Amino acid sequence: MILVTGGAGFIGSHTCVELLDAGYEIAIIDNFSNSRPDVLDKIRTITGKDFKFYEADLLDRDKVELIFKENKIDSVIHFAGFKAVGESVSIPLKYYHNNITSTLILCETMAKYGCKKIVFSSSATVYGDPATVPIKEDFPLSTTNPYGATKHMIERILTDLYVSDNEWSIALLRYFNPIGAHESGLIGENPNGIPNNLVPYIARVAVGTLDVLNVFGDDYNTHDGTGVRDYIHVVDLSKGHVKAVEKVSKSTGVEAYNLGTGTGYSVLDVVKAYEKASGKKINYKITDRRPGDIAMCYADPAKSLNELGWKAEFDLERMCKDSWNFTVKNS
Ligand code: UD1
């Protein structure tokens, strides 16, 4: 059985669907800090399969231990964590305490029960402002905010764990910019309050709950001056987790993998693609750069193809179409 922490969240829920479809038995632990209980039934509806669920906080060591006592957990996919960059700058201790301590409790419990296979939800944020693009896994790591620092530190903790005990098998998945939604429109990304990220914000402008998109700067050194990112369909990303679970089950070691498409699109490219997918006009205005943003970030996904046998399949048009379908059904 696979334990999925944060399995009710955006990427977690889509990954649970792919795991169940691939025939895995799973248990989910989630405290709904940034998700909703109805997601669980939606995963059941999409897959026609059931799973175990624990409503608990990973900081609750006794609850975590209970899961390992009650089930034979073979491997863990660890999504749970706070992820808002701006909030992490204002409340760093909350981020360090939650993201780091929960991972320590999880790994200590895994070690106690002899489960040494983990897939970790990391981020391309660990590359900081890369000197060149496309980004390869061996590029130097640096971070500029507490959220990113927790991802970097957890990668380091897991690496040290492997060095101390070579029976561990660890995949560090560095996500680029996950967007889109399941084609059913049942699960997707629906942040509380005003979205921080581009596509959820555009979706609200398209559906009419927000008036205008602020484009953060048009003076970057990119083809149209706006920031370039590697947007990846969340279903493709989720399939990468299934491949990573297969990989950690049959080998030991610690390896980082980029999960991106290898193609960069600018903010205005995404606006155009979303207008086409939704048939709606996206009003936007150019504003100042957002502090901490970089000009360009996109992956070299060759290692993931060579070692995991994974590559992204869906294009930007499909990402926008699925995001719009989810938005219409859930607004
Ligand atoms: C952000 C985080 C990153 C995190 C990722 C998770 C920052 C600085 N980085 O990535 O650490 O791993 O989310 O999803 O927050 N944009 C606008 N207007 C908006 C929102 C965004 O123009 O209202 C632009 C940004 O300047 C950027 C692009 O859209 O060029 C993508 O932004 P966003 O979706 O927030 O993702 P990242 O900043 O790449």
Side-chain angles (χ1 to χ4, degrees), residues 6 9-12 14 34 79 81-90 95 99 120-130 133 135 141-155 172-181 188-191 193-206 209-234 237 258-261 264-274 282-299 316 319-320 323:
F10 173 46
I11 305 171
H14 288 82
N34 192 25
F79 292 103
F82 293 147
K83 61 167 193 177
V85 174
E87 187 187 52
S88 82
V89 175
S90 332
Y95 273 67
N99 292 5
F120 174 59
S121 170
S122 188
S123 165
T125 193
V126 299
Y127 296 115
D129 190 355
V133 281
I135 300 170
L141 305 184
S142 71
T143 53
T144 53
N145 58 71
Y147 155 74
T150 66
K151 293 292 182 197
H152 188 186
M153 279 181 197
I154 294 169
E155 287 202 359
L172 311 170
L173 302 185
R174 295 178 179 156
Y175 311 151
F176 282 70
N177 289 57
I179 62 168
E189 188 175 23
N190 205 353
I194 295 180
N196 297 311
N197 297 114
L198 180 65
V199 171
Y201 200 107
I202 291 180
R204 299 226 181 147
V205 176
T209 47
L210 287 170
D211 288 340
V212 60
L213 168 73
N214 296 306
V215 175
F216 298 145
D218 67 350
D219 56 353
Y220 286 106
N221 186 17
T222 62
H223 64 273
D224 61 16
T226 65
V228 166
R229 296 291 183 274
D230 185 338
Y231 297 94
I232 173 166
H233 198 298
V234 64
L237 191 77
N258 284 341
L259 295 188
T261 64
Y265 288 103
S266 73
V267 175
L268 295 182
D269 291 334
V270 178
V271 167
K272 275 186 221 120
Y274 213 97
I282 312 293
N283 291 321
Y284 70 85
K285 66 171 192 287
I286 309 292
T287 63
D288 287 347
R289 291 181 176 194
R290 180 171 64 180
D293 274 357
I294 58 177
M296 282 212 264
C297 175
Y298 58 90
L316 183 63
M319 298 179 216
C320 294
S323 163

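All heavy atoms count here, side chains included; hydrogens, waters and symmetry mates do not. Counting starts at 1 for both ligands and their atoms, following the listed order. Bear in mind that the values here come from a model prediction, so they are computed numbers and not experimental data. The chain is numbered in sequence order, starting from 1.
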S.K.: Would you please write out the protein residues whose heavy atoms approach any atom of ligand 1 to under 4.0 angstrom, listed by chain and number?
M.R.: Val85, Ser123, Thr125, Tyr147, Asn177, Asn196, Asn197, Leu198, Leu213, Asn214, Val215, Phe216, Gly227, Arg229, Tyr231, Val267, Arg290, Asp293
S.K.: Side-chain contact, heavy-atom cut-off 4.5 Å: Glu87 with Tyr147?
M.R.: no
S.K.: Looking just at side-chain N and O atoms, do Thr226 and Asp218 make a donor-acceptor pair shorter than 3.5 Å?
M.R.: no
S.K.: Only one of Ile11, Asp230, Leu237 forms a side chain to side chain contact (heavy atoms under 4.5 Å, CB included) with Leu259, so which one is it?
M.R.: Leu237
S.K.: Is there a donor-acceptor pair closer than 3.5 Å between any side-chain N or O of Asn258 and the backbone N or O of Ile135?
M.R.: yes
S.K.: How would you list, by chain and number, every residue that makes a ring-ring contact (aromatic ring centres under 6.0 Å, His included) with Phe82, sequence neighbours excluded?
M.R.: Tyr95
S.K.: Are Asp269 and Asp224 close enough that some pair of their side-chain heavy atoms sits under 4.5 Å apart?
M.R.: yes
